[in-house]
Amino acid sequence: MSEFFQDPPRLGNQYDEDALLRAYLRWRLPPDMLADIEPDLQRLGHRVATDVLALAEAAESQPPKHVAYDAWGRRVDRIETSDAWHALDRISATEGIVATAYERRHGSCSRIHQMALLYLFAPSSALYSCPLAMTDGAARFLEVYGDDSTRPVFEHLTSRDPGEFWTSGQWMTERTGGSDVGSTSTIARRTRDGGYVLHGSKWFTSATTSQVAMTLARIEGAPSGSKGLSVFLIELRDANGQLRNIRVERLKDKLGTRALPTAELTLDGTPARLVGGEGDGVRKIATLFNITRVYNAVAAIAGMRRAIALASDYAGRRTAFGKKLVEHPLHVETMAQLQLELRASFLLAFRVTELLGKEECGTATPSELQLLRLLIPVAKLYTAKRAIAVASEALEAFGGAGYIEDTGIPRLLRDAQVLSIWEGTTNVLSLDALRAVRRSDALAAWTADVRRRLSSVNAGQFIECVGSAKEAVQRVERYAAHAEDEGSEFQEAGARAFAYAIARTEAAVLLIEFANSVEDHAALAAARRWCAGELAPLVNADAGHREDSLGLFGST
Ligand code: MFK
């Protein structure tokens with residue numbers, strides 16, 4: 001009897017093998033810029049399939065530990081992480097995964113360069129992408145709201161020197177939950193020297209090993225709600241490396257993100273610096289979380305790409321029923337659908353990246369600023385949900401092997417699941433998109449932008465696609481006007497479908513524009529297939545619909 005062993009999937013250079021990324025960069029970047037940055041991308045593309053990947057696997061296999069006491073009973077609250085986790089920190093610095101965005105060597109396109117680096121790095125980082133997201137968000141916050149006294153911290157956060165590089169936490173979640181930030185109960189007390197000390201509990205703090213953290217607290221006497229909150233910068237440790245009046249209660253036992261230390265903390269007189277002045281803390285810290293939400297979208301497409309790369313390679317190796325998986329028509333259909341999802345989400349995430357780069361460099365028009373405000377929550381919520389679905393389907397493409405821990409495949413799904421939870425759940429972000437529509441002219445800016453872009457696509461092969469996209473825009477516009485007349489319950493109940501409609505329609509326009517520019521058969525097929533699907537799955541959430549929903553909700 002011959003023994004049968006399956007051939008595991010292999011990863012090659014993740015830049016060279018990614019035709020979508022390379023075509024996108026050729027489309028959007030000036031040729032001299034691409035020539036300048038391509039060696040970096042190629043090097044990182046190789047590393048994330050070799051040494052960086054090995055470090056990520058090592059970090060996953062040695063999760064962080066909380067050492068509460070030393071051998072003599074002294075409270076020490078050390079969080080011990082693996083050597084591999086520390087190595088990932090150093091590599092992030094030298095590869096400039098945050099720094100590239102702030103050096104701005106290529107103006108607003110630097111964000112595209114930086115997010116391309118993140119896209120390659122994230123799936124081989126064991127979630128080191130999380131501290132980097134918060135670090136980037138904190139750097140942007142300090143750039144906007146900081147002063148000379150916070151400049152050294154900004155320099156650390158954006159350094160390429162591993163000896164100088166710092167990461168930042170973002171402590172926004174308390175026991176009341178991660179969504180309703182306005183109910184934050186941490187108190188800031190003024191000290192005699194004009195500083196502050198913080199007292200309170202932080203229920204989820206990601207990457208507690210960071211050197212600094214940005215957090216929210218209510219200065220004693222300030223009003224309740226989000227307007228009464230202020231943003232504070234904490235330097236976590238003193239000169240001896242001891243936490244400054246911070247108690248680590250425990251590390252969280254999580255479904256995924258297992259190399260990432262996530263802790264419950266008590267702040268008990270922790271010295272902190274007020275940044276950005278008193279009050280309006282939620283509005284101010286939005287500068288930070290809008291960056292982490294873009295990171296989330298890029299991490300989502302990066303996770304999809306990795307899952308598809310592994311499953312595609314495997315399809316060329318695995319034989320079943322006498323032929324390779326890639327020769328089975330139904331398997332090809334399944335993989336093609338995953339590629340379509342990736343392409344749509346990829347273009348959406350990079351569209352937001354482009355707008356972010358312009359905003360940061362001061363070159364965005366007022367209309368582009370409104371687009372950014374609307375598309376950040378839309379891209380974050382949409383790509384996160386698709387990343388989970390793609391990871392699940394890709395797992396299935398491995399059969400039973402996809403369910404076995406030591407193949408490493410289940411991690412793709414576990415780590416995808418967090419994407420729709422942290423940085424705002426799907427529903428919270430749907431309501432955020434609605435907030436953007438209600439409080440600004442973001443929808444008018446978006447419909448005008450989409451129509452303008454569609455009208456510049458003249459090629460006959462896109463007539464049907466353009467027609468479908470135009471129809472979808474019109475439906476979204478009519479729906480929004482009707483929903484406004486119907487009132488806030490109607491708007492809120494339909495908000496997720498509304499956000500999806502914007503995401504899918506924006507993706508349609510991007511797929512058309514991309515196919516029109518790159519003249520590649522797969523791009524054309526993607527645009528056609530996407531536009532033939534449901535672009536605007538809106539929900540008529542009138543009183544009858546909502547009553548039915550209540551009935552269904554309580555029906556068993
Ligand atoms: C690889 C990826 C890694 C990602 C890293 C993850 C690690 C980090 C883990 C976490 O920290 S998870 C916790 C993250 N928490 C959130 O994302 C919060 C989710 N909740 C929301 O987003 C709520 O919508 C929000 C807290 C903002 C609701 O707050 P409020 O105070 O009830 O809403 P309100 O009054 O509408 O907004 C207050 C102000 O903020 C308003 O400005 P004004 O005072 O001038 O009117 C809003 O316009 C403004 N604002 C709210 N959301 C905004 C925004 N401004 C810009 N952009 C936004 N998205």
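Start at 1 and go down the list; that is how both ligands and their atoms are numbered.
Residue Asp253 places its CG atom among 12 or fewer non-hydrogen atoms of other residues, nucleotides or ligands, all under 6.0 Å distant. Around CD of Glu484, the count of heavy atoms belonging to other residues, nucleotides or ligands within 6.0 Å does not exceed 12. Crowding of Glu220 atom CD: a count of heavy atoms from other residues, nucleotides or ligands under 6.0 Å exceeding 12.
In terms of polar-atom proximity, defined here as any N/O pair under 3.5 Å, Lys227 does make such a contact with ligand 1. Here's the thing with Asp432: one of its N/O atoms is less than 3.5 angstrom from an N/O atom of ligand 1.
Separation of the Phe121 and Tyr128 ring centroids does not fall under the 6.0 Å cut-off. Not less than 6.0 angstrom separates the ring centroid of His46 from the ring centroid of Tyr15.
Under the salt bridge (charged side-chain N to carboxylate O under 4.0 Å, His left out) criterion, the residue pairs touching residues 374-386 are Glu341-Arg386, with sequence neighbours excluded. Evaluation of the side chain to side chain donor-acceptor pair (under 3.5 Å) test over residues 284-298, restricted to residues two or more places apart or in two chains, returns Gln114-Tyr295, Asp136-Tyr295, Thr292-Glu423, Asn296-Trp422.
The distance from ligand 1 to the heavy atoms of Trp422 drops below 4.0 Å at these ligand atoms: 3 (C), 4 (C), 6 (C), 7 (C), 12 (S). Using a 4.0 Å cut-off to heavy atoms of Ala299, the atoms of ligand 1 that qualify are 1 (C). For ligand 1, the atoms closer than 4.0 angstrom to any heavy atom of Gln170 are 8 (C), 11 (O). For ligand 1 and Ser179, the ligand atoms under 4.0 Å from any heavy atom of the residue are 19 (C), 20 (N), 21 (C), 23 (C), 26 (C). When each atom of ligand 1 is checked for a heavy atom of Met172 under 4.0 Å away, the hits are 15 (N), 16 (C), 18 (C). Applying the 4.0 Å criterion to heavy atoms of Asn290 picks out, from ligand 1, the atoms 56 (C), 57 (N), 58 (C), 59 (N). Below 4.0 Å from some heavy atom of Thr173 lie the following atoms of ligand 1, by number and element: 13 (C). Listed by number with element, the atoms of ligand 1 under 4.0 angstrom from any heavy atom of Ala286 are 53 (C), 54 (C), 55 (N), 56 (C), 57 (N), 58 (C).
Taking atom 33 (O) of ligand 1 as the reference point, the nearest protein heavy-atom neighbour is Arg435 NH2, 3.2 Å. Ranking the protein heavy atoms by distance from atom 29 (O) of ligand 1 puts Val282 CG1, 3.9 Å first. The single protein non-hydrogen atom nearest to atom 31 (O) of ligand 1 is Ser226 OG, 2.5 Å, given as residue, atom name and distance. When only non-hydrogen protein atoms are considered, atom 18 (C) of ligand 1 lies nearest to Gly178 O, 3.4 Å. Of the protein's heavy atoms, Glu423 OE2, 3.6 Å lies nearest to atom 10 (C) of ligand 1.
In summary, Glu354 and Arg28 engage in a salt bridge, as defined by a charged side-chain N under 4.0 Å from a carboxylate O. Salt bridge Arg273/Glu235: present, at least one basic N to carboxylate O contact under 4.0 Å. A salt bridge links Arg305 to Asp18: one of the charged nitrogens lies within less than 4.0 Å of a carboxylate oxygen.
When the heavy atoms of Arg283, Arg439, Met134, Arg293 are ranked by distance to atom 16 (C) of ligand 1, first place goes to Arg293.
Distances shorter than 4.0 angstrom do not occur between any heavy atom of Gly182 and any atom of ligand 1.
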